Amino acid sequence: MDQANPQTIRLQDYRAPSFAIGTIDLTFDLGEAFTTVTSVLNVVRERPGEPLELDGDELELVSLKVDGRKLSHEDYTVTPHSLIVPVIGDRAEVEIVTRIRPQDNTQLSGLYKSSGNFCSQCEAQGFRRITYFLDRPDVLSRYTTTITADKAKYPVLLSNGNLIEERDLDGGRHLAVWEDPFLKPCYLFALVAGDLAHIEDHFITSSGRDVTLRIYTVAEDADKCAHAMESLKKAMKWDEDTYGLEYDLDIYNIVAVRDFNAGAMENKSLNVFNSAYVLATPETATDANFNAIESVIAHEYFHNWTGNRITCRDWFQLSLKEGLTVFRDQQFSADTQSAAEQRIGDVKSLRARQFPEDAGPQAHPVRPESYIEINNFYTSTVYEKGAEVIRMMQTIIGRDNFRKGMDLYVARHDGTAATVEGFAAAMQDASGVDLTQFKRWYGQAGTPHLEVRGAWDAGAQTYTLDVKQSTGPTPGQPVKLPLHIPLAMGLLGQGGQPLPLTLDGENTDGPLSRVLDVREPEQRFTFTGVAERPVPSLLRGFSAPVTMDAGYSRDDLAFLLRSDPDAFARWEAGQTLATGLMLELIAAVRRGEMLVLDPKFSAAFESVLTSTDLDPALVALTVMLPSQAYLAQQMAEVDVEAIERVHCFVRGELSRRLRDDFRGIFDRLNDRGAYVFETAAVGRRSLKNVALSYLMADPAPEIVALCRDEFFRADNMTDSLAALTALASTDTPARQEAIDAFYAKWAANPLVIDKWMSVQALSDLPDTLERVKALMGHEAFSMRNPNRVRSLVGAFTQSNQPRFHDADGEGYRLLADVVLELNKINPGIAARMTGGFNQWRRFDDKRRALMRAELERILRQPGLSKDVYEIASKSVAGA
Ligand code: B3K
Ligand code: ZN
């Protein structure tokens, strides 16, 4: 492969395509030995003098015709990645026949088989694995797709758009023709053929269109689609109400498949989903799964406008559709569930995934400038930081202007392939707010840091806030420019009351909360008429994706935790308090001192736990300690053992000191009524299960017995999995008993067995690595199924910090072995797993050396995919 000389693709080299392809007529002859694809393209020259150069990957060319004339071998060139026709007119009809072997396609990109059925995944560059084409998102065409297949084996034949013909053929075969009236890029093409069951419902759009909604699955899963269907209808209604965006066809199909590289795919009118984001019953799925399904179903639906009707000019613009659509799905979940919990969850996930990415060797801007393999750029930066950039725009220009900006964006760009510049221009033009400086967020990598200091002048009755911003260097970007950062804030008086925020020079009383526009490296804001010493509440709602040092004392934080009217800021104060305390304890461990937990901390913790006016879900979120990985991010050099020891110590202390509180909560909330997925019930289960996990942090035998009972009596997966998780980290006979019983009960349900794998991979007991290795040899494990690999190896290497980083380096060896094996099967998943090494430079010398050696071993492997090569080589080169 081109590993020795992998090609870097750069944004600055973008050129519009030399040819347009107005229509494409596809015929699929699906077979067991091979599948024949006939593609008829109407090409129109856009630039004189250039050959027609089509992309292809692992294709067998059978024949090629131009304007009805069969070309001979001298008339064209085939390379491993292209088909070049040097001489062609300004308009031509090109007919290409290729042969592919979906049954051998383990990369799960292009056309492949899952559970015996045909399905496709074309984003980003899978279409070129089906036929030769201009595989780039700025080539928009009208698709007609004919599918022929054995009728008994593949009774269901689906593609994009409307079904215009269906009939039986000789020899037990049948045919279906689908026509998509909308222009689309080839990454949105989809085909599904198989023996599938479905459920059906309808949605009437605001202008009266009756849309048939169907969800297809393998027969045994058809009873698990009701929640996904409800979610789809909610999302359709929300997009009409919130953005005036209506669905545009009479049919919307979703197909759930078990083998899928990503979460789901927004193909026009034929979404293909990882079954993990479709299937749910109370017995088999947790509250978190129900939530994730609602949000992914909504996300893919929202793409119909932000992604499909308006797509990306090139893959550097990926965040144009992904960041915006994540923002939209976050807004949807905030509106339909609880806004505060949603925001806390989004921020936790941003900090857990995006902040380390931005501080490590793979750091890149929301709009990257170059890539080797585009699949490596479906990142938390493009998705989640991209969503934060959109959210900041909304905060800066205001909600009403944001809606006007969306309307203008749609009016200007519908039916085209757009850029982030175009989006920002619509927002700027609709609002009249200058976004020139703001747009730097798209081009500049790294997490900005704010240092904020406040001073009250009793004599002048003023309060000044001095704000400094800085962004550290990232690979390829040594120097950073100041950003436009919206800083939402308030001031609280001694009694917790909000004070008016009147900026110097304003002559009426200001509002009780406001957004400061931070634009300079150092900037001062002066508030007048401040009659008492206030406590500032800063970065409310996490108004910008930054880290912040606000110089808070513990008393300030305890005060904000009690009094801040902003629910996010209250949670944040609790987290900052706990993080500071745990970092001090870590320093104490390193000095060899005895550990003592400050009684003020457990008292503040207890008052949250026992507060009756707080929503149980928010209590649960507030009493969850910062993760070991989050503590690691705060240290100059990660001390794995000290972090684990302190985490365990604080949990154990809280468990002992507050046992009665935890027990009280557990008993009070452990109602035995029927499961409902509804915000309040989810909150109660969440707090109850947090209480159980604290009780199990230092369990007396009767607590183990309680947890064991809970496991065996639970009638829903949320409670069952919470009890199993607690048992899995407890060295008692009940542990193995529960693990075995769970497997025996759920062996036939792949998504539940994924959970079973993860629970064991996440245990903090010392034998976890051995268990993971044993599970890799278990009959239920397969390297070919991405969900299985992620649930076992991904969970262990990415979410079990103490065991993956055990000092002997065995975890590192295991990960490199898995990467090398996966490299041959599915390079995309292999590259994802390689990311487990990204933080290697942040550890101690010994671990650094061990991880580096494994990365180098990976890089020495002959035949390394460019996917893995890009991640491993950037990791070694370092930040
Ligand atoms: N657009 C797809 C992602 C496809 C991943 C390709 N490697 C799912 C989504 O973000 O909606
Ligand atoms: Zn998306």
Side-chain angles (χ1 to χ4, degrees), residues 57 105 107-110 112 119-129 135-137 160 184-190 228 231-232 235 239 254-257 259-278 292-312 314-333 349 353 366 368 371-387 390 417 786-787 790 826-833 835 865-868 870-871:
D57 182 23
N105 181 355
Q107 294 187 23
L108 314 186
S109 161
Y112 65 95
C119 62
S120 64
Q121 170 58 36
C122 292
E123 187 177 2
Q125 297 177 332
F127 194 72
R128 65 182 64 183
R129 296 170 54 76
D135 188 353
R136 43 187 291 166
N160 317 90
K184 68 168 176 283
C186 66
Y187 81 85
L188 290 173
F189 169 81
S231 303
L232 176 59
D239 217 14
I254 291 175
V255 182
V257 301
D259 305 277
F260 202 72
N261 282 347
M265 180 63 213
E266 70 264 25
N267 317 302
K268 184 77 187 187
S269 76
L270 178 52
N271 287 186
V272 179
F273 266 64
N274 185 326
S275 58
Y277 296 101
V278 174
I293 288 167
E294 188 169 284
S295 109
V296 178
I297 291 268
H299 179 100
E300 306 312 330
Y301 174 72
F302 297 155
H303 267 316
N304 189 50
W305 281 95
T306 53
N308 301 3
R309 294 280 295 248
I310 305 176
T311 190
C312 301
D314 54 74
W315 291 120
F316 299 100
Q317 318 296 327
L318 183 57
S319 197
L320 174 71
K321 73 177 177 82
E322 295 305 347
L324 178 55
T325 304
V326 171
F327 171 73
R328 278 152 52 68
D329 84 55
Q330 291 178 349
Q331 249 187 337
F332 163 75
S333 299
S349 140
R353 289 153 23 96
V366 169
Y371 59 78
I372 293 176
E373 170 52 62
I374 185 55
N375 278 321
N376 287 333
F377 285 78
Y378 286 74
T379 59
S380 181
T381 298
V382 166
Y383 275 68
E384 298 178 74
K385 187 176 180 180
I390 306 286
N787 285 1
R790 281 186 285 252
N826 187 331
I829 300 297
R832 285 272 162 176
M833 292 294 132
S865 61
K866 61 179 177 168
D867 311 55
V868 175
E870 179 170 36
I871 301 293

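All values derive from a computational prediction rather than experimental measurement. Just follow the structure's listing: the first ligand is 1, and inside any ligand the first atom is 1.
- The Met265 neighbourhood of ligand 1 comprises atoms 1 (N), 2 (C), with distances under 4.0 Å to a heavy atom of that residue.
- Protein heavy atom at the shortest distance from atom 8 (C) of ligand 1 is Ala264 O, 2.9 Å.
- The Zn ion (ligand 2) lies at 2.8 Å or more from every N, O or S atom belonging to Glu266.
- Angle NE2(His299) to the Zn ion (ligand 2) to NE2(His303), rounded to 10°: 100°.
- The N/O atoms of Glu300, backbone and side chain alike, include one that comes under 3.5 Å of an N/O atom in ligand 1.
- By the 4.0 Å N-to-carboxylate-O rule, Asp867 lies too far from Arg832 to be salt-bridged with it.
- Not counting sequence neighbours, the partners of Tyr371 by the ring pair (Phe, Tyr, Trp, His ring centres under 6.0 Å) test are Phe316.
- Remark: ligand 1 atoms within the under-4.0 Å shell around heavy atoms of Glu266 are 1 (N), 2 (C), 8 (C), 9 (C), 11 (O).
- Closest to atom 10 (O) of ligand 1 among all protein heavy atoms lies Tyr383 OH, 2.5 Å.
- The protein atom (non-hydrogen) at minimum distance from atom 4 (C) of ligand 1 is Glu123 OE1, 3.7 Å.
- With hydrogens left out, the protein atom closest to atom 7 (N) of ligand 1 is Asn375 OD1, 2.8 Å, a heavy atom.
- Take the N/O/S atoms of Glu322: the one nearest the Zn ion (ligand 2) is OE1.
- The distance from atom NZ of Lys268 to atom NE2 of His303, rounded to the nearest 0.5 Å, is 13.0 Å.
- Atoms of ligand 1 found under 4.0 Å from any heavy atom of His303, numbered from 1 in the order shown, are 9 (C), 10 (O), 11 (O).
- The minimum heavy-atom distance linking Val257 with Cys119 is given by the pair CG1-SG, 4.1 Å.
- If you number the atoms of ligand 1 from 1 as listed, the ones under 4.0 Å from a heavy atom of Lys321 come out as 1 (N).
- Here Glu322 pairs with nothing under the salt bridge (Lys or Arg N to Asp or Glu O under 4.0 Å) rule; sequence neighbours left out.
- Closest approach of Phe189 and Cys122 over heavy atoms only: O-SG, 3.8 Å.
- Between Asp57 and Arg128 no salt bridge is recorded (no basic side-chain N to carboxylate O distance below 4.0 Å).
- Gly307 and Lys321 make their closest contact through CA-CB, 3.7 Å (heavy atoms, listed as atom of the first residue, atom of the second, distance).
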